[in-house]
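Here is the structure we will look at.
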There are 2 protein chains.
Amino acid sequence: MNAATAEFAQYGLAGARVDRIAAAAGVNKAQSYAWFGNKDNLFALVFARHLAAIAQLIPLDGFDLPDYVVRLYDFYLEDPTHVRLATWMRLERVPAGLLSEQMNDHLGPMLESIALAQAQGVVTDRYTPPEAYQLAIGLSLTWSPASVLVAAAPDDDESEHQRRRAILRETAQRTFAP
Amino acid sequence: MNAATAEFAQYGLAGARVDRIAAAAGVNKAQSYAWFGNKDNLFALVFARHLAAIAQLIPLDGFDLPDYVVRLYDFYLEDPTHVRLATWMRLERVPAGLLSEQMNDHLGPMLESIALAQAQGVVTDRYTPPEAYQLAIGLSLTWSPASVLVAAAPDDDESEHQRRRAILRETAQRTFAP
DNA sequence: CGTTGCCAACCAACTAGATAGTTGCTACCT
DNA sequence: AGGTAGCAACTATCTAGTTGGTTGGCAACG
């Protein structure tokens with residue numbers, strides 16, 4: 001699974017090679033077919049696992065959305081795997097709409113947290129919780145490894161990272177303040 | 001070139017098929033090799049052409065960034081090709097940094113326009129022009145066809161589109177107001 | 001004008017290598 | 001003895017890129 005994750009994150013569904021995955025994992029190819037079915041299936045499994053992982057890893061706190069956004073910036077920076085997997089999924093599998101039905105499970109509690117913060121006047125109610133969440137994710141992706149303009153890299157100057165974090169925090173504040 | 005653009009936008013570099021491109025264009029494969037060199041080269045050409053096209057199609061006016069963001073939303077909606085090409089480029093070719101050196105050419109005037117608006121107090125100077133531009137692009141991509149959460153589709157309810165446009169405009173205002 | 005020679009555009013068919021998925025046998029465990 | 005996990009080798013298909021010959025246009029020539 002780890003080998004497959006790395007392979008799919010790097011090359012995508014069309015670019016990934018089953019032989020390479022098996023070799024990297026030190027596993028026989030036929031065995032992996034017995035375990036995971038075909039390539040598409042393996043990709044779906046890898047993606048589902050990562051979806052669950054990130055929801056746990058970066059819990060959303062509706063009362064501190066700016067912090068959430070900055071934590072996501074650092075998370076993408078440290079490990080581009082998640083963003084890349086999700087983006088491959090979007091491009092190769094799901095061209096429009098919600099990226100994965102499975103997201104609804106993880107989304108529920110997050111949206112509730114935002115709704116709560118709204119009810120207590122900590123977050124603006126200009127946006128519905130799904131809209132606010134979409135804005136937060138979008139903002140966090142500004143310098144992401146899937147960005148269309150400049151993508152942050154770990155070896156960028158640390159002062160640059162600091163500045164981006166500050167900008168993200170500030171922009172989030174302005175966006176989500178009542 | 002048009003056939004190649006459609007093919008690459010849909011399938012990416014690894015997923016695109018030279019035979020399919022040639023067939024769609026009603027052109028012999030050997031001929032396309034004579035004209036464009038290999039697949040990589042063709043992809044680079046397609047991408048460069050689109051880069052030039054969009055800069056012309058959606059000129060940036062530093063004095064009305066909210067409008068720029070909304071125009072981009074509509075542009076992506078009408079034709080996902082550009083976003084998809086750029087995202088493939090990012091995932092398959094340029095994992096970090098500026099997506100394309102060629103962008104610098106188009107970027108120059110845009111950044112100047114922002115700097116001018118800043119000098120006249122229409123846009124905040126909390127951000128440098130490149131930072132402001134990156135934020136604007138990031139914001140415009142919130143519901144883009146490469147979004148990791150929900151991607152807008154032409155057949156979404158029109159009221160939904162209206163709402164998203166309003167949100168983008170409002171958020172841009174808050175972000176870029178002095 | 002018709003003919004010839006030349007060159008560039010054109011293309012059907014081919015090649016070499018890759019690639020997802022399978023098979024039939026072996027070894028091990030219970 | 002029976003069944004399960006494991007695997008080397010195989011297959012059918014696909015795919016980027018090439019080849020060697022053909023056609024059509026054009027200009028010089030007779």
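Convention: sequence-line order gives letters A, B, ...; per-chain numbering from 1. No experiment lies behind these values; they were computed from the predicted model shown.
Classification of the B:F43-B:F8 ring pair by plane angle, with boundaries at 30° and 60°, yields perpendicular. Between A:H82 and A:H50, the ring planes lie parallel to each other; the angle is under 30°, not in the 30° to 60° tilted range.
Two end axes, each from the C1' atoms of five base pairs, can be drawn for the helix from C:dC1-D:dG30 to C:dT30-D:dA1; they diverge by 10°, to 10 degrees.
Taking OH from B:Y133 and CG from B:L65, the interatomic distance works out to 10.0 Å, rounded to the nearest 0.5 Å.
Residue A:E78 places its CD atom among 12 or fewer non-hydrogen atoms of other residues, nucleotides or ligands, all under 6.0 Å distant. Within 6.0 Å of CD in B:Q162 there are more than 12 heavy atoms belonging to other residues, nucleotides or ligands.
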Heteroatom pairs (N/O) under 3.5 angstrom, protein to nucleotides 7-10 of chain D:
| unit_1 | atom_1 | unit_2 | atom_2 | d |
| --- | --- | --- | --- | --- |
| D:dA8 | N7 | A:N28 | ND2 | 3.3 |

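Between A:Y33 atom OH and C:dG21 atom P there is a gap of 4 Å when expressed in whole angstrom units. C:dA18 atom C1' lies 12 Å from atom NZ of A:K39, rounded to whole Å. In this entry the distance linking CG of B:N41 with P of D:dG17 reads 10 Å, nearest Å. In this structure, B:D19 atom CG and D:dT13 atom P are separated by 17 Å, rounded to whole Å. The distance from atom CD1 of B:I21 to atom C1' of D:dG17 is 13 Å, rounded to the nearest whole Å. D:dT15 atom P lies 11 Å from atom OH of B:Y11, rounded to whole Å. Computed from coordinates, the A:F43 CZ to C:dA20 P distance equals 14 Å when rounded to whole Å.
Closest to the side chain of A:W35, from the set C:dT19, D:dT15, D:dG6, is D:dG6.
The side-chain heavy atoms of A:D74 and A:R165, taken from C-beta on, include a pair separated by under 4.5 Å.
Applying the 4.0 Å criterion to OP1 and OP2 of C:dA20, one finds that A:R17 has a side-chain N or O inside that range.
Of the N and O atoms on the side chains of B:Y73 and B:R164, at least one donor lies less than 3.5 Å from an acceptor on the other residue.
Nucleic acid contact for B:A14: none, since no nucleic acid atom lies under 4.0 Å from a heavy atom of the residue.
Stacking of B:R20 on the aromatic ring of B:Y11 is recorded, both the 6.0 Å distance cut-off and the 45° axial limit being met.
The existence of a salt bridge linking B:E170 and A:R126 is confirmed by a sub-4.0 Å separation between a basic side-chain nitrogen and an acidic carboxylate oxygen.
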